[in-house]
J.: 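Got a structure for you, questions after.
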Amino acid sequence: MQVSPGAAAERRATGRAPGVGLVAAPVNRTLPAHLSETRAGSLRRFAPMALLAVGYFLAAKLGLMLAIVHASATAVWPPTGIALAGLLLLGARAWPAVAIAAFLANITTLGSVASCLGIAAGNTIEALVGAELVRRFANGSEAFDRALDTFRFVLLAGVVSTAISPTIGVTSLALGGYAPWPDVGSIWLTWWLGDVGGALVVAPVIVLWAVDRSVHWSRARAWEAALLLVVLVVVSAAVFGRVPAAGVTGQPLKFLCIPLLTLVAYRFDPRTAATAVLVVGVVAVSALLRAGLATQRGELNWSLLVLQVFLAVSATGTLALAAIVSERARADVSARASEASLREAISELEAFSHAISHDLRSPIAAVFNYAAVLEEEAGARLDPESLRLLRRMRGSAAAASQLLDQLVKYVWAGSIFGEKVPLDMSALAREACAEVTVGMEDGAAVHFEVQELPPTRGRAQLLARVLHNLLSNAVKFTRGRDPRRVVISGRVEEREYVYSVSDNGVGFDPALGEAVFQPFRQLAAGKEQAGTGLGLAIAARIVRRHGGRVGAESDGVNGALFWFTLPREDVS
Amino acid sequence: MNLFPGILLVDDDDDYLYIARRAIERTKLHAEVRIAHDGTEALRMLGLKPGGAETVSPFTVVVVLLDLRMPGVSGWDVLRQIRESERTRALPVVMVSTSSRPEDVVRSYDSGANSYVVKKLDAGYPGGFVAEMARYWIELNQPCRQAGGQTAPA
């Protein structure tokens with residue numbers, strides 16, 4: 001029972017609508033009478049249903065009053081949206097509310113009991129089918145949170161299910177003799193478009209406000225909303241407040257509303273966007289009807305049809321955009337949350353590794369020291385084998401301690417402690433050579449050659465560690481060679497600096513490739529040597545933290561070449 | 001009345017305390033080694049907390065070797081209270097820790113530590129680095145001692 005040109009509309013228009021309150025009251029009185037539960041429980045259960053019935057009835061009567069203003073039409077048929085929203089929120093069991101309200105609204109207007117029952121059945125089935133389709137395929141009352149669900153809602157509840165009521169209703173009218181058969185097609189179309197408008201303009205507002213009623217706007221935000229509301233009302237009233245004489249003339253002006261609705265959808269949320277669409281709908285309908293009083297009936301009806309299409313299209317676009325915006329906002333929030341939790345996990349891991357190393361160091365030191373004390377005080381009384389075991393105990397403790405040191409450094413290498421500063425890499429390399437020469441037992445036996453290296457920017461301590469680790473690795477690998485040579489060289493490439501450390505040692509299995517930089521991947525030749533298997537991994541980690549790459553080459557016979565790059569910051 | 005200059009070792013690690021005390025005693029330094037097992041005990045022994053000032057006169061302590069991470073009152077807390085008290089402000093404090101984190105080192109010096117030493121395994125005799133530190137603060141750095149009015153020269 002909506003936009004009905006011709007006989008159907010005459011039927012509604014001529015009927016005197018009785019006082020709304022008189023009709024609503026029995027609905028309220030009769031519903032609780034069906035119940036057997038406690039008074040409070042039944043009130044809680046049936047209050048929403050009563051509200052739905054009253055709302056539906058009032059909206060239907062309002063629609064009929066609009067039809068009285070001009071005999072041919074009510075522009076938007078809000079009851080469709082109210083019924084759809086009601087069944088979405090309350091569940092299918094609320095259908096009697098829709099059926100009763102629809103029947104009462106019709107019977108108090110005009111028509112036989114049979115035709116009114118038919119129309120009420122059509123309205124109820126339409127709402128049931130629409131709500132079920134949305135629940136099943138478009139995420140139910142959360143349909144407007146995601147763009148895809150919004151489009152599904154538009155198609156299923158806006159376009160498909162809304163064909164049910166006009167089909168049943170127009171058939172009832174025609175069978176009852178209230179609509180001439182030749183007019184059935186145009187009545188059906190008008191009826192259907194009215195339902196489409198109701199479903200797309202009214203239902204989303206009710207559903208969204210019912211799901212979340214809280215408003216958290218800052219003062220600036222509230223002002224923005226108020227300003228947009230005023231502009232929206234003024235523009236809607238201006239562009240819809242006249243009936244174009246020649247049909248097409250003036251129609252494009254209506255599209256002035258689109259950027260405003262788009263802005264609301266972009267700046268606010270789906271709920272506000274749906275409200276804005278409703279505002280445009282209400283203003284447009286009332287403005288058009290007022291202007292239409294002075295116009296011919298046929299033209300006004302035509303304008304109302306166009307308005308319904310316009311509102312349906314605007315609602316679709318606006319709701320979809322609002323859903324996309326809120327989807328993106330949610331994605332931002334969850335991305336920020338996962339980034340924060342990742343950060344937290346990393347710092348927890350760092351704290352954990354420091355705690356572990358602190359707690360492990362003490363017992364390892366105890367083993368190391370007690371072994372030494374024992375050897376000192378009782379060594380003379382021990383047999384050679386026991387003494388040897390005691391020394392091995394000490395050696396193992398020392399190895400464990402060294403591994404701990406390296407582990408801490410590995411974690412440290414991943415941190416971003418320290419600022420990037422200009423670095424003289426040649427000087428840094430010479431320092432590293434000196435350190436290795438003094439620090440390693442056989443460091444002095446190696447001949448180091450530091451060539452001119454391109455300067456760069458980086459964290460001095462960390463890059464010094466890279467050079468130190470590559471050099472000590474090279475020193476280990478040249479054991480047994482004579483002479484032992486390690487060359488540090490560098491060159492400038494188009495986008496990066498390349499630094500390499502080459503030695504004339506035993507090299508490594510070429511099949512290993514990049515695996516040499518993995519933690520705890522001791523190179524075969526290094527097994528007898530002191531080492532924790534972390535030195536190269538630490539170097540690689542630091543280089544990658546600086547945005548560079550690492551690599552290693554060897555034929556397994558004639559030494560090895562380890563290189564790393566650092567990005568040039570003077571070229572982008 | 002004890003006339004030797006006192007070294008206060010503060011640490012929750014008994015093994016370390018054993019080794020450190022042994023090493024210092026082997027140096028034949030004329031120094032008395034005092035031990036606190038946590039921050040609260042250290043503050044009490046320094047007279048910075050009521051209840052223990054009589055146990056060890058604060059003036060006999062000439063250097064504190066202070067562990068960083070202890071349950072309850074941490075090394076930093078002890079250091080802060082030493083520096084806040086007029087009487088102990090000039091007392092040399094050396095932070096001794098297994099941590100080599102730059103943050104820990106920087107924070108210690110910012111809090112007024114005189115030195116920061118990382119606990120390492122000694123290639124020489126056990127606890128050697130503690131003994132060397134003790135020797136430095138007892139013998140070599142003697143003229144700088146401010147609070148040691150009652151201490152006898154070594």
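Chain A is the first sequence line, chain B the second, and so forth, proteins listed ahead of strands; every chain is numbered from 1.
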J.: Drop me the distance from B:S99's OG to A:R361's CZ, to the nearest 0.5 angstrom.
T.: 8.0 Å

J.: How about CZ on B:R89, more than 12 heavy atoms from neighbouring residues, nucleotides or ligands closer than 6.0 Å, or not?
T.: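 More than 12 within 6.0 Å, yes.
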
J.: Which bit of A:E376 is near chain B, if near means a heavy-atom gap under 4.5 Å: side chain, backbone, both or neither?
T.: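 The side chain, not the backbone.
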
J.: Which residues in residues 10-19 of chain B have a heavy atom less than 4.5 Å from any heavy atom of chain A?
T.: B:D13, B:D15, B:Y18, B:I19

J.: Taking A:A398, A:A371, A:S362 one by one, which has the highest count of heavy-atom pairs under 4.5 Å against chain B?
T.: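 Sorted descending by pairs with chain B, the first entry is A:S362.
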
J.: Show the nearest heavy-atom pair for residues B:G127 and A:N369, with the distance to one decimal.
T.: N-OD1, 4.2 Å

J.: Please look at B:R22 and chain A and tell me whether the side chain, the backbone, both or neither of the residue comes under 4.5 angstrom of a heavy atom of that chain.
T.: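 Only the side chain of B:R22 comes within 4.5 Å of chain A.
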
J.: At a 4.5 Å cut-off on heavy atoms, which part of A:A397 comes close to chain B: side chain, backbone, both, or neither?
T.: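 It is the backbone, since no side chain atom gets that close.
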
